[in-house]
Structures are given as C-alpha cells and as structure tokens.
Student: 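The structure under discussion is supplied below as structure tokens; questions concerning it will follow.
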There are 2 protein chains.
Amino acid sequence: MDRRQEILEAATKSFSLFGYKATTMDQVAKIANVGKGTIYTFFANKEELFHEIVFTMIKEMKAKKDGVISEERTFQENAHLVLMKMLEFREHHALLAKLISEEKEMKTPVVQAVLVQVEQEIVKYIAENIQTAIDKDEIKQVDVELVAYLIFKAYMAFAVDWQLTHNDSLTEEKIVEVFQDTIFASLIK
Amino acid sequence: MDRRQEILEAATKSFSLFGYKATTMDQVAKIANVGKGTIYTFFANKEELFHEIVFTMIKEMKAKKDGVISEERTFQENAHLVLMKMLEFREHHALLAKLISEEKEMKTPVVQAVLVQVEQEIVKYIAENIQTAIDKDEIKQVDVELVAYLIFKAYMAFAVDWQLTHNDSLTEEKIVEVFQDTIFASLIK
DNA sequence: GAATGACCAAAAAACCACAACAGTCATTTA
DNA sequence: TAAATGACTGTTGTGGTTTTTTGGTCATTC
C-alpha cells in the first residue's frame with residue numbers, strides 16, 4: 001500500500017483512539033511504519049493531516065446519505081432512512097465520538113474549529129434536502145435554515161446528550177420514532 | 001432591609017456578573033455591606049447560598065409559567081404564550097446565561113450539578129404539561145419524556161446556541177414561529 | 001446575642017525546571 | 001539522486017513546589 005494511505009490510516013486510528021491532542025506525530029509515524037519526516041512530505045503539518053481525515057469522514061457520511069435517498073420515495077420515508085443510516089454511522093465511527101468528548105473535556109481549539117465546520121456542513125446538507133422537498137411541493141414552506149438547525153440539534157440531543165444525564169442509551173428505533181411523530185410529521189403537507 | 005435579603009441580592013449580582021467560581025465570599029460581604037461572618041449565620045456555606053439563589057430563579061420561572069397558562073385556551077395557544085414568556089425571561093436573567101457559559105469554559109462541578117438539576121426541573125414541567133394535554137385529549141399520544149426533552153433542547157438551541165455559531169441573535173417571534181410550524185403543529189390531534 | 005474581621009487550613013494560582021512535542025534538515029538508503 | 005529517515009532544535013506543555021487567595025471559624029466587639 002502507498003505510504004500516504006498508510007499514514008492516513010495510522011493517524012485515523014490514533015485520532016479515534018486518543019483524540020487530537022494526545023496523538024503525537026512520532027506515534028503516527030511508528031504505527032504507519034514510516035519515518036516521521038515522511039509524514040511531512042505528504043502533509044504540511046499535524047493540523048492539515050487532521051483536516052484531511054475529518055474531510056474524508058464527511059465525504060463518507062455524504063456518500064452514505066446519497067446511497068440511501070431515492071427520488072421515488074416520499075420525504076418522510078427518505079428522512080427515516082437517512083436518519084437511520086446516520087445513527088448507525090455514529091456507532092461505527094469512533095472518531096466523531098472521540099472528537100466530541102475531547103471538545104467537551106479539554107477544549108482543544110483545532111478540534112473545536114473542526115467540529116463547528118462539521119456542524120455547518122451537516123446543517124447545509126439537511127437544508128438542501130428540505131429545500132428540494134419544498135420545491136417538489138412535498139412538504140410545507142418553512143424557514144429552511146432554522147428547521148435544518150432544529151433537526152441537527154435534535155439529532156445530537158438524542159444521539160449524544162441523552163445518555164449523559166440519563167443512564168440508558170436510546171435505541172435507534174425510539175429516536176426515529178420521535179422524529180417521525182414530531183418534526184417530520186409536522187413538515188408533510 | 002433585612003440582612004439576609006441584602007446578602008442574597010449581593011450574591012445574585014456577583015454570581016450573575018462573575019460566575020460562581022470568581023465570586024468570593026469576601027466580595028459578597030463587601031457588596032452586601034456586612035461582615036463575612038454574617039453570611040454564615042444565614043447560609044451554611046457558599047454552595048447553599050448559591051443553591052438558594054438558583055432555586056429562587058426556578059420558582060420565578062414557575063410563577064411566570066403558571067401566570068400565563070389558562071384552562072380555557074388550547075394547547076397551542078398556551079404553549080405559544082409560555083414559550084414567549086420564557087424567551088423574554090432569558091434576557092432579564094443574566095444569571096442563567098453566565099452559568100451556562102461558566103459550565104462551558106471552565107467546568108465548575110457545582111455549576112454543572114446545578115444546571116443538570118435545572119434541566120431536569122424544566123423538562124419535568126414540560127412533561128407534566130404535555131401529559132395534561134394528552135389526558136384532556138387535546139394532543140396525540142406520544143412518548144412524553146422524549147418530546148419534553150426535545151422541546152427543551154430545541155429551546156436551548158435557538159435561545160442560547162444559535163448565536164454562538166451565527167453572529168445574529170434570533171428574535172422571539174422567529175423562534176416561536178419555528179416551534180409552531182414544527183413540534184407544536186405535529187402534536188395537535 | 002447578633003455582628004464582626006483577624007485568623008486558619010485548604011485550595012488555587014504562580015512559578016520554574018524539565019520533559020515532550022511539532023517540525024526541520026543533514027545524512028542515509030535504495 | 002530522489003525519497004526516506006531520525007537525530008536535532010526551538011517551543012510548548014507538564015508536574016512538582018512555593019506563594020497567594022479563599023472558604024469557613026470563632027474569640028472579641030458592639
């Protein structure tokens with residue numbers, strides 16, 4: 001396998017396991033079985049390496065979403081499927097979870113900045129999908145940006161925050177059900 | 001005015017302005033124009049003084065809510081009015097805002113604990129009101145606890161979080177509109 | 001007998017010596 | 001001879017220690 005890819009995989013593993021701050025370039029080099037200097041022939045610095053990985057993650061999510069949405073299905077059905085995929089995604093992707101906890105515990109500025117970007121990216125996607133549905137006259141006219149923000153925050157609340165104050169984690173089915181009962185239900189015409 | 005009240009007001013002022021950690025008992029004594037020892041004849045310690053103040057704030061909110069809800073109005077109307085009152089409340093009460101930012105920046109355990117309590121208290125009230133509406137057959141049967149949690153998180157998202165990533169603050173009318181369009185709309189039968 | 005502020009122990013801030021780190025570059029390797 | 005390397009360097013962060021601040025007490029005052 002090419003060295004660039006090896007480095008990316010080693011770094012992803014380390015970022016997911018230890019977070020951004022606790023990952024050292026020496027460590028990445030060791031895991032990737034390359035000299036430290038080699039990393040710097042492919043990536044300008046630690047931050048750029050990190051950005052590349054997060055960007056890859058976002059692309060992965062986008063791909064998952066696009067693989068699920070179908071023109072033939074109703075908004076409600078599509079929304080249900082996308083939400084399910086995202087909820088599955090969360091568990092498989094240790095990186096996002098680690099970054100969120102790292103931001104809360106220490107408040108690493110680089111991580112903070114990247115999470116804001118991820119948030120904006122996701123809200124943008126949700127907004128685009130809502131707008132499409134409105135244009136197709138599938139759902140009623142609402143303030144797209146605000147509703148997209150609401151959906152994102154609701155998602156994070158159930159998928160991440162809930163288990164912090166309650167000691168049981170919510171099942172995917174339960175979360176999807178609340179979305180269907182409330183926000184999604186209100187949007188369809 | 002009685003000394004106890006003077007102390008409470010001084011402490012409220014200081015907690016609102018500087019937060020919990022940065023408020024010293026010497027400072028409170030000076031603002032209240034009493035000796036430091038006097039504070040301890042009324043309150044066992046700093047934490048109890050703090051709790052009393054936060055508890056007073058919750059009672060104030062409860063009173064505001066009870067003054068607005070009316071048996072004659074529909075759920076939608078009542079929800080609208082309560083939400084408006086809460087949104088007005090947010091601006092007047094600098095204390096809550098300060099505590100939330102203090103929890104985010106440093107993570108003072110006392111503040112954290114108190115905010116969890118406030119959250120649980122508020123979610124409990126919302127849940128009670130939803131249950132009442134269900135019993136009266138005004139809204140459809142939903143998972144009360146989850147919907148209450150959703151409403152609380154949505155409220156916090158729009159009232160507090162929004163302005164952190166966007167640089168404009170949302171008007172009360174706009175926030176109420178989203179609630180009406182989405183969550184509230186979906187609940188009515 | 002209620003109020004006070006000097007006082008004390010405990011916690012936090014300031015300091016500093018030292019270690020760990022990101023990033024470089026002369027040397028090595030293939 | 002171009003790519004890879006790891007010893008090296010300046011900077012940032014950490015841990016242990018001293019100094020300061022703070023919550024809480026209590027003998028004295030009013």
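Quantities reported herein were computed from a predicted structural model and do not represent experimental measurements. Here is the naming used below: chain letters follow the sequence lines, and residue numbers restart at 1 for every chain.
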Student: Can you name the closest pair of heavy atoms from A:Ala185 and A:Asp181 and give their distance?
Tutor: CB-O, 3.5 Å
Student: Classify the ring geometry between A:Phe15 and A:Phe50 as parallel (under 30°), tilted (30 to 60°) or perpendicular (over 60°).
Tutor: perpendicular
Student: Under 4.5 Å between any side-chain heavy atoms of A:Val54 and A:His51, yes or no?
Tutor: no
Student: Kindly confirm or rule out a cation-pi arrangement of B:Lys46 over B:Tyr20, judged by NZ or CZ under 6.0 Å from the six-membered ring centre and within 45° of its axis?
Tutor: yes
Student: In this structure, is the centre-to-centre distance between the rings of A:His93 and A:Phe89 below 6.0 Å?
Tutor: yes
Student: By a strict heavy-atom criterion of less than 4.0 Å, which residues belonging to residues 102-113 of chain B are in contact with DNA chain D?
Tutor: none
Student: List the atom pairs, donor and acceptor, that lie under 3.5 Å between side-chain atoms in residues 146-160 of chain B and the rest of the protein, sequence neighbours left out.
Tutor:
from     : atom 1 : to       : atom 2 : distance (Å)
B:Tyr149 : OH     : A:Trp162 : N      : 3.4
B:Lys153 : NZ     : A:Asp161 : OD2    : 3.0
B:Tyr155 : OH     : B:Met86  : O      : 3.0

Student: Atom NZ of A:Lys21 and atom C1' of C:dA20: how far apart are they, to the nearest Å?
Tutor: 11 Å
Student: Can you find a pair of side-chain heavy atoms, one from A:Asp135 and one from A:Gln131, that are under 4.5 Å apart?
Tutor: yes
Student: Please tabulate, for the side chains in residues 106-129 of chain B, all donor-acceptor contacts under 3.5 angstrom to protein atoms that are two or more places apart in sequence or on a different chain.
Tutor:
from     : atom 1 : to       : atom 2 : distance (Å)
B:Thr108 : OG1    : B:Glu102 : OE2    : 3.1
B:Tyr125 : OH     : B:Lys62  : NZ     : 2.8
B:Asn129 : ND2    : B:Tyr125 : O      : 2.8

Student: Can a donor-acceptor pair be found, under 3.5 Å and without considering hydrogens, that links the side chain of B:Thr182 to the backbone of B:Val178?
Tutor: yes
Student: For the CD atom on B:Glu138, are there more than 12 heavy atoms of other groups (residues, nucleotides or ligands in this structure) within a distance under 6.0 Å?
Tutor: yes
Student: Should B:Ile31 and B:Ile53 be regarded as members of a common hydrophobic cluster, given that ILVMFWY residues are connected when their side-chain heavy atoms come within less than 4.5 Å of each other, either directly or indirectly?
Tutor: no
Student: Does CD belonging to B:Gln141 count more than 12 external heavy atoms closer than 6.0 Å?
Tutor: no
Student: Does anyone know the first and last nucleotide of DNA chain D in reach of chain A, 5' to 3', at under 4.0 angstrom to a heavy atom?
Tutor: D:dA4 to D:dT14
Student: Anything under 3.5 Å between a protein N or O and an N or O of nucleotides 2-4 of chain C, put it in a table, one pair a line.
Tutor:
from  : atom 1 : to      : atom 2 : distance (Å)
C:dA3 : OP1    : B:Arg3  : NE     : 3.3
C:dA3 : O3'    : B:Arg3  : NH2    : 3.3
C:dT4 : OP1    : B:Arg3  : NH2    : 3.2
C:dT4 : OP2    : B:Gly35 : N      : 2.8
C:dT4 : OP2    : B:Thr38 : OG1    : 2.5

Student: Just the rounded figure in Å: distance from P of C:dA12 to OH of B:Tyr20.
Tutor: 11 Å
Student: In this structure, are over 12 heavy atoms from other groups packed under 6.0 Å from B:Lys140 atom NZ?
Tutor: yes
Student: State whether B:Lys30 places a side-chain N or O below 4.0 Å from either non-bridging phosphate oxygen (OP1 or OP2) of C:dG5.
Tutor: no
Student: Please give me every residue in residues 44-52 of chain A whose heavy atoms get under 4.0 Å of an atom in DNA chain C, ordered by residue number.
Tutor: A:Asn45, A:Lys46
